**Student:** 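The structure's right below; bear with me while I get my questions together.
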Amino acid sequence: GWDRATAMGYNSSVLSTATASYPALGGLLAALGWYYPFALPLFAIPIGLLVIFSLRNPEPHNEQGMREYFGSVWHHLWDRQVAGLLFLSLGTFVVLFGPQIFYLPILMGDSFGSSPVFIGMVLSSASLVSALAASQLGRLSGYFEPTTLMKAAFLLYPVALCLIPLAPNPWLLLVPAAVFGVAQGLNIPNILTLLNGLAPDENRGAFMSVNGMILRLGQTLGPVLMGAAAVGIGISGAYYAAAALTGVMFLVAVATLR
């Protein structure tokens with residue numbers, strides 16, 4: 001419902017804000033020394049300790065045995081809408097970590113000689129716009145269905161992706177970065193909202209775990225698949241291939257989501 005969409009929007013907004021901070025901070029640290037950004041994951045240690053000792057999140061009571069539990073999860077994962085959402089989650093992170101996170105710094109360095117700080121600023125701008133769009137999801141859900149917002153995102157993605165290799169100077173990359181950010185802000189929290197709504201209470205943790213596995217797979221495959229698309233025609237091929245993938249994602253959304 002509205003409350004879930006609002007919560008997922010705020011959650012995605014916080015994640016996007018953190019994502020926005022990381023490239024900028026990484027760029028500044030890389031300007032001091034290439035190895036300094038690798039120290040940032042150390043901040044996960046105090047956060048992990050805080051979660052272990054402070055977070056209280058009681059799970060719903062579940063009397064199913066292990067076999068029944070996994071059987072129920074497997075059965076629900078084959079639902080057409082759930083399968084469609086998982087494919088869209090996979091594609092979203094292929095596009096994010098392929099052309100955007102991995103190849104955009106290479107493109108900016110090769111084409112414009114951009115500094116690490118400026119590359120971080122462009123990447124951060126997309127995440128900041130994504131955070132802003134996601135924070136308004138509760139308000140938007142009062143006017144539009146989640147599936148409508150997702151379909152709009154899949155129309156914005158190819159616009160952003162096709163504009164990036166055509167930019168004549170690095171400052172103009174801020175425009176497609178903003179368009180990409182809006183698409184992310186409309187897409188990712190709505191995927192989570194719909195998955196949560198389709199998951200039975202006793203299986204919701206498993207659904208989110210499967211989605212987490214799928215998005216990590218997308219992060220892994222993104223640079224490889226988009227790199228294969230760039231062979232022979234240059235980095236621009238990665239962006240056009242990603243744009244084509246988002247077109248397929250739009251068709252999947254139309255076919256599977258109600």
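As a basis for the values below, the full set of heavy atoms in this structure was taken, side chains included, without hydrogen atoms, waters or symmetry mates. Just so we're clear, the structure is a prediction, and the values are computed from it rather than from any experiment. For this chain, numbers begin at 1 and follow the sequence in order.
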**Student:** In terms of ring plane angle, is the pair Phe97 and Phe93 parallel, tilted or perpendicular, where the classes change at 30° and 60°?
**Tutor:**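 Aromatic pair Phe97/Phe93 classed parallel.
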**Student:** For residues Ile164 and Phe180, determine if any side-chain heavy atom of one lies less than 4.5 Å from a side-chain heavy atom of the other.
**Tutor:**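 SC-SC contact between Ile164 and Phe180 ruled out.
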**Student:** Can you name the closest pair of heavy atoms from Leu88 and Ala253 and give their distance?
**Tutor:**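 Closest approach of Leu88 to Ala253, heavy atoms only: CD1-CB, 4.1 Å.
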**Student:** For residues Leu107 and Ile233: do they belong to one hydrophobic cluster (side chain heavy atoms under 4.5 Å, members Ile, Leu, Val, Met, Phe, Trp, Tyr)?
**Tutor:**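 No, separate clusters.
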**Student:** Are the side chain of Ser124 and the backbone of Met121 linked by a donor-acceptor contact shorter than 3.5 Å?
**Tutor:**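 Between the backbone of Met121 and the side chain of Ser124 there is no qualifying donor-acceptor contact (under 3.5 Å).
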**Student:** What about Phe112 and Trp171, are their ring centers closer than 6.0 Å?
**Tutor:**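 Ring centroids of Phe112 and Trp171 are no less than 6.0 Å from each other.
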**Student:** Does one hydrophobic cluster hold both Phe118 and Leu172, with members joined at side-chain heavy-atom distances below 4.5 Å?
**Tutor:**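 No; tracing contacts between hydrophobic side chains, which count when under 4.5 Å, never links both residues.
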**Student:** If you look at every heavy atom in Gly185 and Ala133, which pair is closest and at what distance?
**Tutor:**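 Between these two residues, the closest heavy atoms are CA-CB, 4.0 Å.
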**Student:** The test is side chain to side chain contact (heavy atoms under 4.5 Å, CB included); show your working for Met226 and Tyr239 and say whether it passes.
**Tutor:** CA-CA 8 Å; Met226 297 302 103; Tyr239 290 89; over 6 Å; no
**Student:** Can you name the closest pair of heavy atoms from Leu104 and Leu173 and give their distance?
**Tutor:**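 For Leu104 versus Leu173, the nearest heavy atoms are CD1-CD1, 4.5 Å.
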**Student:** Got a second to check how far Met208's CE is from Leu192's CG, nearest 0.5 Å?
**Tutor:**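 One gets 6.0 Å once the value is rounded to the nearest 0.5 Å.
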**Student:** Do Thr92 and Tyr157 come within less than 4.5 Å of each other through their side chains, counting heavy atoms only?
**Tutor:**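 Yes - at least one pair of side-chain heavy atoms lies under 4.5 Å apart.
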**Student:** Roughly how far, to the nearest 0.5 Å, is CD1 of Ile101 from CG of Leu123?
**Tutor:**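 Going from CG on Leu123 over to CD1 on Ile101, the span is 5.5 Å.
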**Student:** To check you understand the geometry: which heavy-atom pair defines the closest contact between Pro105 and Gln100, and what is its length?
**Tutor:**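 Taking Pro105 first and Gln100 second, the nearest heavy atoms are CD-O, 3.9 Å.
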**Student:** Transitively linked via ILVMFWY side-chain contacts under 4.5 Å: Leu32 with Phe43?
**Tutor:**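 Yes.
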**Student:** Output the distance between atom CD1 (Ile106) and atom OG (Ser111), rounded to the nearest 0.5 Å.
**Tutor:**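 With rounding to 0.5 Å, CD1 (Ile106) is 11.0 Å from OG (Ser111).
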**Student:** CD1 of Ile214 to CG of Leu221: how many Å apart, nearest 0.5 Å?
**Tutor:**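 Separation between the atoms: 9.5 Å.
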**Student:** Report yes or no: does Asn190 contribute a side-chain atom to a donor-acceptor pair with the main-chain N or O of Leu186 at less than 3.5 Å?
**Tutor:**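 Flag set: sc Asn190 to bb Leu186 pair under 3.5 Å.
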**Student:** Using residues 143-156 as the side-chain source, report each donor-acceptor pair under 3.5 Å to any protein atom, sequence neighbours left out, with the distance given to one decimal.
**Tutor:**
none

**Student:** Determine, step by step, whether Val179 and Leu163 satisfy the side chain to side chain contact (heavy atoms under 4.5 Å, CB included) criterion, reporting the C-alpha distance in whole Å, the side-chain angles of both residues, the deciding distance to 0.1 Å, and the verdict.
**Tutor:** CA-CA 10 Å; Val179 176; Leu163 285 176; 5.5 Å; no
**Student:** Side chain of Ser130, backbone of Ala126: donor and acceptor closer than 3.5 Å?
**Tutor:**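 Not confirmed, Ser130 side chain does not pair with Ala126 backbone.
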**Student:** Run the side chain to side chain contact (heavy atoms under 4.5 Å, CB included) check on Val82 and Leu86 step by step: do they pass?
**Tutor:** CA-CA 6 Å; Val82 173; Leu86 292 176; 4.2 Å; yes
**Student:** Tell me, do Ser135 and Leu132 make a side-chain contact under 4.5 Å, heavy atoms counted?
**Tutor:**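 Touching, per the 4.5 Å side-chain cut-off.
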**Student:** I'd like to know if Leu251 and Leu257 are part of one continuous hydrophobic network [Ile/Leu/Val/Met/Phe/Trp/Tyr, side-chain heavy atoms within less than 4.5 Å].
**Tutor:**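 Shared cluster, yes.
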**Student:** About how many Å separate CZ of Arg216 and CG of Asn211, when rounded to the nearest 0.5 Å?
**Tutor:**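 One finds 10.0 Å between CG of Asn211 and CZ of Arg216.
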**Student:** At their closest point, which heavy atom of Tyr103 faces which heavy atom of Pro223, and how far apart are they?
**Tutor:**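 For Tyr103 versus Pro223, the nearest heavy atoms are OH-O, 3.0 Å.
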**Student:** For residues Leu96 and Tyr240: do they belong to one hydrophobic cluster (side chain heavy atoms under 4.5 Å, members Ile, Leu, Val, Met, Phe, Trp, Tyr)?
**Tutor:**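 Leu96 and Tyr240: separate clusters.
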**Student:** Please assess Leu29 against Leu40 for the test side chain to side chain contact (heavy atoms under 4.5 Å, CB included), listing each intermediate value before the final yes or no.
**Tutor:** CA-CA 10 Å; Leu29 291 174; Leu40 287 174; 3.9 Å; yes
**Student:** Do you know which two heavy atoms are closest between Val129 and Gly181, and how far apart they sit?
**Tutor:**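 Closest approach of Val129 to Gly181, heavy atoms only: CG1-C, 4.0 Å.
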